[in-house]
Amino acid sequence: MSMARLHWHVSVTLMLCAAKADAQGALAADPSEGTRLPSVATQDPEVPLWARAPHEWRELPRSERWQMREAFARKRNAKALAQVPDGWSGLESKSKYFVAISHVDKKATNAVLDQAGAIWNWLDARFADVSDEYVMGSSIRLCADPTEAMAFGWKIEPLTEISSAKPELVLFKGNDYTLQSGLIACYFGDKDPNLAACPPWFVFALSVHLVACEVDGKGFTFKVSPWAKDHLREARRADALRSLRQLITQSTEQWPRDPNADLQLRMQMASLIAFLDSKECERLKGMQRFLPRYASAVIKAAEQWQKEHAAPAPESHAGETPISPSDATKARVNALRERERFVLDAVTKEVADLLPKDWLAVEAAWKKWLAR
């Protein structure tokens, strides 16, 4: 991936994370539900049970839930391959997790499938144990150009826009960098919908980290480009390197609004996940298995928020003035912001409540990591 493309992707992703609370990007369900999956008709038999009746779904044995999701995924993939338009091709990945409906050459299609498989394996190696749910993969529509992609619904979306209820990822050739955030959303959406409540730094850092990873002879490797190293050196000279503690406690309000601003911060975030996932970090007191512990803490905090803010059953009163759509949107946005602050505070307290001397060791290791 070229540095120009990485720069563009990171700019857009940062902008989207900053706008996470915007109603058009983040609201797909009432915030009291504790999820942001698209709303569904609860009695529609075509809607899978996990979306139609999540509490009933969770009561089923794990083996039964896995069988049902595997069957659903197979049927969904077969349907996608059976509806390939004329002039397009349909390919299934070796893992059977992904199918590509492609309007580009076979080499480019296989490269996208290989990248998708590598991203999926990376996520599964770190987050498989945050729940016992089966994750289903996705259909990837690879278009020839932006105009064609937009005809199939492509648009720049934040993490919470994509879920297991919206399984097709739309890309176009040369725009495969949108694959990372889309697959993170699909994986997290299947693992536990409450992961949509992840604080923005976590979503952003995962995305830019995976953008910087490449499939090579060694597997799936994180690579810090010369361009990124230049920005990190500039940050060190200007004493602008942020502490790890600062990076993992940023709320939406603390993110830069200008997508072209703060390249140094972006490069630090691109390295942050690599450090948190490293053996060096694993040896530090209180930092063991940081990534899966953080995701598990997000689920726990989101569930707690849901219990404390369960919406009462609506009551109708004669002559009552209905709430306007704009007021309802504002209320939902405010609720999401409150939930985000609650989750960020709760998760930080659970997984990053270290003693001062331990934080000193963490920060020293972080600075050493960035200087590599």
Side-chain angles (χ1 to χ4, degrees), residues 26-80 95-99 120 123-139 157-169 182-198 203 292-314 332 335-336 339 342-343 346-347:
L27 296 173
D30 188 287
S32 65
E33 295 176 12
T35 75
R36 298 183 196 178
L37 291 176
S39 59
V40 294
T42 55
Q43 301 303 316
D44 186 347
E46 295 300 316
V47 176
L49 181 61
W50 53 87
R52 188 171 73 248
H55 295 294
E56 181 180 339
W57 168 255
R58 287 298 302 165
E59 291 175 358
L60 297 176
R62 174 186 177 276
S63 59
E64 188 172 346
R65 284 183 279 117
W66 276 51
Q67 289 174 2
M68 291 174 66
R69 276 196 165 177
E70 283 183 304
F72 183 88
R74 285 195 301 270
K75 182 179 178 181
R76 187 174 67 185
N77 287 353
K79 183 178 180 180
S95 67
K96 308 297 183 182
Y97 273 109
F98 305 102
V99 294
W120 206 256
L123 291 168
D124 209 45
R126 288 147 184 86
F127 300 110
D129 293 336
V130 302
S131 84
D132 64 353
E133 292 290 4
Y134 178 84
V135 289
M136 296 184 292
S138 177
S139 174
E157 295 178 314
L159 172 66
T160 49
E161 284 280 330
I162 305 172
S163 71
S164 55
K166 185 182 177 183
E168 184 173 86
L169 304 180
L183 290 179
I184 290 169
C186 288
Y187 187 94
F188 280 3
D190 279 352
K191 263 299 166 188
D192 193 305
N194 283 302
L195 286 169
C198 282
V203 176
R293 285 195 302 115
Y294 196 92
S296 295
V298 168
I299 295 171
K300 179 181 175 181
E303 289 175 344
Q304 184 62 35
W305 169 267
Q306 179 181 347
K307 290 177 182 178
E308 294 180 7
H309 297 80
R332 289 194 297 270
L336 280 177
R339 186 177 77 162
F342 177 91
V343 169
V347 173

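The first residue of the sequence shown is numbered 1, and numbering continues consecutively from there.
Ring-plane geometry between W120 and Y97 is classed as tilted, the angle between the planes lying from 30 to 60 degrees on a 0 to 90 degree scale.
By the 6.0 Å contact criterion, CG on D124 is enclosed, its count of non-hydrogen atoms from other residues, nucleotides or ligands being greater than 12.
Considering only residues two or more places apart in sequence or on other chains, R58 meets the salt bridge (charged side-chain N to carboxylate O under 4.0 Å, His left out) condition with D132, E133. For E56, the side chain to side chain donor-acceptor pair (under 3.5 Å) test picks out no residue, with sequence neighbours left out.
Nearest approach of L183 to S138, heavy atoms of both residues: CD2-CB, 4.5 Å. Smallest separation of non-hydrogen atoms from A80 and V99: CB-CG2, 4.1 Å. The two residues F188 and C198 make their nearest non-hydrogen contact at CE2-SG, 4.1 Å. Scanning all heavy atoms of the two residues, the minimum distance from K191 to A128 falls at NZ-O, 2.7 Å.
The main-chain N or O of M136 is found under 3.5 Å from a side-chain atom of D190 such that the two form a donor-acceptor pair. Between the side chain of D192 and the main chain of V130, no donor-acceptor pair closer than 3.5 Å is present.
One distance of note links NE2 of H309 with CZ of F342; it measures 7.0 Å at 0.5 Å rounding. Note: R339 CZ to E308 CD = 13.0 Å, rounded to the nearest 0.5 Å.
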Steps toward side-chain contact (heavy atoms from CB on, under 4.5 Å) verdict (L49, L60)
CA-CA 11 Å; L49 181 61; L60 297 176; 3.8 Å; yes
Would R65 and Y134 count as a side-chain contact (heavy atoms from CB on, under 4.5 Å) here? Give the steps.
CA-CA 8 Å; R65 284 183 279 117; Y134 178 84; over 6 Å; no
For residues 294-302, please give each side-chain donor-acceptor pair under 3.5 Å, one per line with the distance, not counting sequence neighbours.
| from | atom 1 | to | atom 2 | distance (Å) |
| --- | --- | --- | --- | --- |
| Y294 | OH | W201 | NE1 | 2.8 |
| S296 | OG | P292 | O | 3.1 |

